[in-house]
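Throughout, numbering of the chain's residues begins at 1 and tracks the sequence. Since this is a predicted model, take the numbers as computed values, not measurements.
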Amino acid sequence: MRAPHTRAVLPAVLLAAAVLLAGCSDDGGEQATAVVARQQAAQVEAETSEQEAIERRNAALPGRPAGVVQLDGTPGGSLTPAASDAFRDTGTSVTVEAGDNGEEVAFQELCAGEIDLVDSARPISRAEWDACRSVGLDVVQLQIAADAVVVAIKSESDVGGDCLTTEQVRDIYRAGSPITSWEQVGLDDVPLVVGGPDADNNAFSFFGRNVLDAPQPGMTNLRSDYQASESDQGSRFFVVGDDEDERLAREYADRARVRDAARSSLITRQQVLDDAQDEVEAAWRERAKGIADRRSPADQERDRQRVRDAVAARDDARADRDEARATWARVRDRFVQARDARRRDEQVRGHVAYFRFSYYELFEDQLRPFEITTPEGERNCIFPSQRTITSGEYPLARQLLITTTTRSLQRREVRAFLESYLGDADRLAEDTQLVPLPEAAVRTQLSWLTGDAQPVLVSPGEEAALEPTAGPAPAENPAR
């Protein structure tokens with residue numbers, strides 16, 4: 001394991017360079033050269049003094065207890081408790097002691113040499129990093145998993161755009177929001193209705209903290225007409241409608257054609273019945289006339305037969321009409337069922353909710369996610385995927401990190417725990433509906449622990465690459 005690096009100080013070389021410059025100068029430049037030499041000497045002296053102070057502070061750091069790994073931070077919602085249990089179940093003699101004092105305290109403890117690991121959902125800050133460097137501690141951050149929320153409408157629906165800024169998402173959901181139409185965020189004039197999970201859902205806490213900036217999220221942080229669902233399925237139905245309604249809505253056109261055919265058939269058969277009734281009445285009149293005219297017995301028999309035929313035809317026509325009427329009533333009810341379902345299905349257009357990425361993946365054929373951008377345009381319209389979430393590109397994501405130092409990584413106990421943690425990370429992430437890391441990223445970090453590769457030291461403002469570059473990433477497009 002690589003030891004903490006120190007600033008290389010070469011006072012003799014720098015002084016020699018100053019002397020050489022002085023020797024090569026003409027008389028007119030001797031004074032200026034001497035000033036430069038004195039400044040360089042003073043700088044070297046200051047750097048040497050600072051480095052000696054760092055080394056003294058490093059030597060004064062508290063020792064670490066043998067056989068114990070101490071960590072602190074915010075383990076709630078992370079994989080650390082489960083990873084600690086799994087590590088203990090291996091039969092190890094190493095004890096893992098976990099605190100829950102928050103990320104700020106944990107980073108202070110790390111840079112004071114009091115703990116080995118920080119469990120956090122944010123990187124170390126510049127000020128915290130400076131504190132570690134001031135005592136000669138080099139910082140290493142390992143990513144364990146990631147989490148994200150996806151803001152989505154119904155697949156195959158449209159509100160006039162696919163991209164929202166983080167501020168627009170916040171404005172749509174925040175308490176007191178006046179936004180009731182997608183037009184108010186620059187899209188189409190479609191009613192906007194807001195929903196999502198209730199406070200018992202992990203996505204609620206994540207959304208509240210990371211989108212609404214609420215340290216302790218509650219329903220009061222959301223707009224008053226927010227429609228909370230007790231389950232992810234309820235939020236999905238809020239967005240896409242009931243599965244049965246959607247199925248019936250798809251049958252609307254076919255049922256309308258069947259209804260029209262049944263109505264046409266009923267009208268035709270009613271006309272046939274009306275014509276048959278007219279014939280019965282005409283036959284009765286003709287028979288009465290034949291009797292009055294004293295027609296021959298043969299003619300009067302023909303008149304009676306006409307009546308019998310007319311009555312039989314009318315009865316057949318009535319039976320056909322009654323059958324057509326029953327069919328019409330049946331298909332009309334089926335049509336009305338589909339029509340009402342279609343209306344309900346159309347009413348969810350413009351409904352929006354948020355979901356954990358792991359749930360969205362299961363129903364990406366039904367949900368149409370918004371790409372997310374930051375207001376300053378640093379990350380433009382990022383589509384949610386495992387790659388963009390684990391890399392931190394997707395703005396509504398967080399990376400679950402374990403921060404340590406090269407000093408702690410020299411300890412066998414720490415390396416053993418972290419190897420176990422990373423080895424179980426993907427399984428634990430899937431079990432808890434988090435986003436697992438790509439296998440290559442896990443292998444890269446494991447190589448830091450086994451000594452097969454040097455760990456990447458953290459430098460605030462720079463992102464360490466966990467995977468080798470393999471050409472441009474494939475294009476990722478929203479589901480439709």
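Partners of Arg170 according to the side chain to side chain donor-acceptor pair (under 3.5 Å) rule, which considers only residues two or more places apart in sequence or in another chain, do not exist here. For Tyr252, the ring pair (Phe, Tyr, Trp, His ring centres under 6.0 Å) partners are Phe335, not counting sequence neighbours.
Two residues are said to be in side-chain contact when any heavy atoms from C-beta on lie closer than 4.5 Å; Val348 and Val239 fail this criterion. Between Leu61 and Leu137 the shortest side-chain heavy-atom distance falls below 4.5 Å. Side chains of Val169 and Ile372 form a contact here, defined as non-hydrogen atoms less than 4.5 Å apart. Considering only heavy atoms from C-beta on, Phe206 stays 4.5 Å or farther from Arg356 through its side chain.
Leu71 contributes atom CG, which lies 8.5 Å from atom CG of Asp116 (distance to the nearest 0.5 angstrom).
Tested against Gln70, the residues Arg64, Glu114, Glu109 include a single side chain to side chain donor-acceptor pair (under 3.5 Å) partner, Arg64.
The backbone N or O of Glu244 sits less than 3.5 Å from a side-chain atom of Asp242, completing a donor-acceptor pair. Under the 3.5 Å distance criterion, the side-chain polar atoms of Glu361 are left unmatched by any main-chain donor or acceptor of Ser358. Using modelled atom types, no side-chain atom of Arg342 and backbone atom of Arg250 make a donor-acceptor pair closer than 3.5 Å.
At a cut-off of 3.5 Å, with distance as the only test, no side-chain donor of Gln366 or Ser155 sits close to an acceptor on the other residue. Side-chain contact annotation: Ser177 with Asp171, donor-acceptor N/O pair under 3.5 Å absent. Judged by distance alone, the side chains of Gln399 and Arg122 never bring a donor and an acceptor atom under 3.5 Å apart. A donor-acceptor pair shorter than 3.5 Å can be found between the side chains of Tyr421 and Thr80. In the model, Thr450 has no side-chain atom that pairs as donor or acceptor with a side-chain atom of Ser447 under 3.5 Å. Judged by distance alone, the side chains of Thr165 and Glu167 never bring a donor and an acceptor atom under 3.5 Å apart. With 3.5 Å as the limit, one finds a donor-acceptor pair spanning the side chains of Glu128 and Ser125.
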Thr388 and Ser385: side-chain hydrogen bond (donor to acceptor under 3.5 Å, both in side chains), yes or no, with the steps?
-> CA-CA 5 Å; Thr388 61; Ser385 69; 3.2 Å; yes
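Between Phe417 and Phe87, the ring center distance clears the sub-6.0 Å criterion. Taking the six-membered ring wherever Trp is involved, the centroid distance between the rings of Phe204 and Tyr354 does not fall below 6.0 Å.
With a 6.0 Å radius and a threshold of 12 heavy atoms from other residues, nucleotides or ligands, Arg334 has its CZ atom at or below the threshold.
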